[in-house]
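A short write-up of the structure that comes next.
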Amino acid sequence: MANPSRSNERAVIEDNMLLTMFDASITNDTTQDSLDERIAFLDAVRASSIGLEYGKPPNSKIYEAVFQMLRTGKSLQLIVASYKLLVDLEKRFPRAYLSGEDVSMSPSTSTPELVVDEEAWSPLIVGLDNATAVSEAGGKKSGGRLDSSSFHRLIEELAETLTESNNQAASMKPLQNLLLFQYLVIVLEGDFLPRNATMNWSLQRESLLNLLMGSRKINYKSLMKDCIKVICLLCQLLQNVLSKNLEVEKSSESQLSENYHIALSLAFLEVLKNTHVFMGKLLVMIMALDMSRKKADIEGHTSRVDSPRTPLVDIVLDELAYDKDNIPHFLKIFSEPKWKLEIVVQYFWKYIRKPAARTRRSNGDTVVDATFDGVVKCFSNSTGTKSIIKKIGADVVQLLLAHGFLAQLSILLERNANDNIAEDREEGANALVDLCHTLISAFDSLRSTDKDMEILSIGKEALFTAASYISMES
């Protein structure tokens with residue numbers, strides 16, 4: 001057997017050698033040799049950790065060195081290489097995972113347990129709302145770890161970058177910020193999803209996501225509004241970029257070559273496409289956290305440390321109601337069916353007139369069908385349709401109906417695919433056909449109520465899908 005002390009000593013020597021490589025690359029920061037040395041450092045870290053069957057995770061100093069390259073690197077090759085290494089390290093050495101599942105045991109007797117590496121290095125400093133956190137986080141210039149306020153500032157910078165008429169695709173900083181954001185979401189997701197799967201609030205409460213969102217150093221509602229803004233701006237920018245060639249802005253100061261500009265522009269566009277996926281993941285995680293928090297509160301598992309926050313769905317609804325022009329952008333980018341459907345349904349019920357509750361015990365109370373099916377049924381007569389159009393607008397109604405239908409269809413199709421009983425599959429197929437018929441009926445009611453209404457492209461897509469599915473099942 002190997003001597004543990006000798007193994008530890010060898011590991012320390014290897015780490016010191018790697019850090020020596022990194023320090024040597026800093027001495028001549030602007031030369032090609034320095035770039036080559038840093039790439040060699042990243043390759044060596046990958047080989048000693050991911051490349052070996054029994055590789056070990058890097059120590060915190062090596063992690064910080066790689067993270068610093070991502071945040072302060074001046075080479076496209078270096079930035080992308082450091083990002084990929086950090087992502088691969090997250091996959092290879094998860095900070096949280098479920099263990100204890102035994103496939104030989106029945107599901108009722110197999111209980112997975114959460115395993116958390118408390119010593120795992122993190123790019124985020126959360127849970128410290130004091131001056132120490134600020135000093136540990138480091139400034140942007142040093143490329144140090146981020147605290148909650150730095151995370152909020154990163155989201156603000158993303159919004160500022162996407163707001164600019166010229167997206168500065170040839171500038172390195174926007175690309176770095178986008179990759180940094182994506183990496184942070186991967187870290188948050190890797191820590192949150194296993195905790196959330198336990199359905200145990202005491203474990204969910206300690207997640208990086210909950211600690212980050214609950215920090216007193218940020219304005220939570222303002223942060224969520226900035227995230228929504230980023231999603232809408234991403235949609236607009238991608239539409240503009242894909243409709244015409246991305247303009248490459250030459251920088252006389254850096255005197256970059258034409259090939260370099262083209263490479264940077266293509267990289268920026270590719271990263272831009274992926275960022276909306278990561279922003280969607282972040283919002284979905286926060287919505288899931290809100291749901292877990294609400295469930296724990298109902299069951300009496302929360303305490304005074306669980307300060308109440310406005311649910312993200314409510315913030316989204318308020319923002320979309322305030323600026324209806326953002327509705328098509330948000331719904332196009334935010335693609336998770338369950339939560340998209342929840343947003344569509346709740347948006348409708350903000351404006352649909354609720355039936356008066358009956359007061360006589362003999363009649364009982366009127367139960368509102370607060371589902372998408374219940375929403376669509378409100379378009380069964382011209383009076384209800386006219387009232388909804390007046391409050392929301394014909395185009396917004398079309399958008400909500402179409403996106404809600406496609407989300408509901410996706411959920412039902414997935415559910416039917418997982419049904420093993422023939423009767424359940426038949427019932428699911430009937431539910432799909434009924435959904436398609438009610439959507440077509442709702443659009444017929446819209447057109448008969450508003451003779452001048454033009455069907456939007458998303459509406460045509462939904463109607464074509466509904467008609468095709470009915471034709472298949474008939």
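When a residue number appears, it is its place in the shown sequence, counting from 1. All heavy atoms count here, side chains included; hydrogens, waters and symmetry mates do not. None of these values were measured; they are calculated from a predicted model.
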First locate atom [atom1] of [X], then atom [atom2] of [Y], and finally report the distance between them rounded to the nearest 0.5 Å.
| X | Y | atom1 | atom2 | value |
| --- | --- | --- | --- | --- |
| Leu78 | Thr72 | CG | OG1 | 8.0 Å |
| Leu223 | Ile228 | CG | CD1 | 10.0 Å |
| Glu157 | Asn177 | CD | CG | 5.0 Å |
| Leu158 | Phe181 | CG | CZ | 6.5 Å |
| Ile315 | Ser222 | CD1 | OG | 10.0 Å |

Glu270: side chain to side chain donor-acceptor pair (under 3.5 Å) partners, not counting sequence neighbours:
none
Please list, chain by chain and in numerical order, all residues satisfying ring pair (Phe, Tyr, Trp, His ring centres under 6.0 Å) with Phe330, sequence neighbours excluded.
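Ring pair (Phe, Tyr, Trp, His ring centres under 6.0 Å) check on Phe330 returns Phe334.
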Residues forming a ring pair (Phe, Tyr, Trp, His ring centres under 6.0 Å) with Trp201, sequence neighbours excluded:
none
Within 45° cone of Phe278 ring axis and under 6.0 Å: Lys281 NZ or CZ:
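Yes, cation above the ring, under 6.0 Å and within 45°.
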Is Glu160 paired with Arg153 through a side-chain N to carboxylate O contact shorter than 4.0 Å?
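Yes, Arg153 and Glu160 are salt-bridged.
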Under-4.0 Å salt bridge between Lys338 and Glu342:
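Not counted as a salt bridge, because no side-chain N and carboxylate O are separated by less than 4.0 Å.
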Give the C-alpha distance, both sets of side-chain angles, the deciding distance and a yes or no for side-chain contact (heavy atoms from CB on, under 4.5 Å) between Phe41 and Val66.
CA-CA 9 Å; Phe41 166 77; Val66 179; 3.9 Å; yes
So do the side chains of [X] and [Y] get within less than 4.5 Å of each other, counting heavy atoms only?
| X | Y | value |
| --- | --- | --- |
| Leu203 | Val116 | no |
| Leu70 | Ile79 | yes |
| Asn326 | Glu319 | no |
| Cys227 | Ile155 | yes |
| His301 | Ser202 | no |
| His276 | Ser335 | no |
| Leu98 | Val115 | no |
| Leu400 | Leu331 | yes |

Do Asp191 and Ser207 meet the criterion of a side-chain donor-acceptor pair at a distance under 3.5 Å?
no
Output side-chain donor-acceptor pairs under 3.5 Å for residues 455-462, partner residues at least two apart or in another chain, one line each.
none

Would you indicate whether [X], at its atom [atom1], is surrounded by more than 12 heavy atoms from other residues, nucleotides or ligands within a distance under 6.0 Å?
| X | atom1 | value |
| --- | --- | --- |
| Glu454 | CD | no |
| Lys332 | NZ | no |
| Tyr97 | OH | no |

Give every residue pair that meets the side chain to side chain donor-acceptor pair (under 3.5 Å) criterion with at least one member in residues 76-93, sequence neighbours excluded.
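Every side chain to side chain donor-acceptor pair (under 3.5 Å) pair that includes a residue of residues 76-93, provided the two are not neighbours, is Arg46-Asp88, Tyr83-Gln182, Glu90-Arg95.
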If you look at every heavy atom in Met213 and Met224, which pair is closest and at what distance?
SD-CE, 3.7 Å
Parallel, tilted or perpendicular, as decided by the 30° and 60° cut-offs, for the rings of Tyr63 and Trp121:
parallel
How far apart are the C-alpha atoms of Ile392 and Phe348, what are their side-chain angles, what is the distance that settles it, and do they pass the side-chain contact (heavy atoms from CB on, under 4.5 Å) test?
CA-CA 9 Å; Ile392 302 179; Phe348 267 122; 4.0 Å; yes
Kindly list each side-chain donor-acceptor pair under 3.5 angstrom involving residues 286-295, sequence neighbours excluded, with atom names and distances?
{"residue": "Asp290", "atom": "OD2", "partner": "Leu312", "partner atom": "N", "Å": "2.8"}
{"residue": "Ser292", "atom": "OG", "partner": "Asn196", "partner atom": "OD1", "Å": "3.0"}
{"residue": "Ser292", "atom": "OG", "partner": "Gln204", "partner atom": "NE2", "Å": "3.3"}
{"residue": "Ser292", "atom": "OG", "partner": "Ala288", "partner atom": "O", "Å": "3.1"}
{"residue": "Arg293", "atom": "NH2", "partner": "Asp306", "partner atom": "O", "Å": "2.7"}
{"residue": "Lys295", "atom": "NZ", "partner": "Glu299", "partner atom": "OE2", "Å": "2.8"}

Evaluate side-chain contact (heavy atoms from CB on, under 4.5 Å) for Met69 paired with Leu86, printing each intermediate quantity in order.
CA-CA 11 Å; Met69 290 181 184; Leu86 287 169; over 6 Å; no
Could you walk me through whether Phe151 and Leu184 pass the side-chain contact (heavy atoms from CB on, under 4.5 Å) check?
CA-CA 9 Å; Phe151 180 83; Leu184 295 178; 3.8 Å; yes
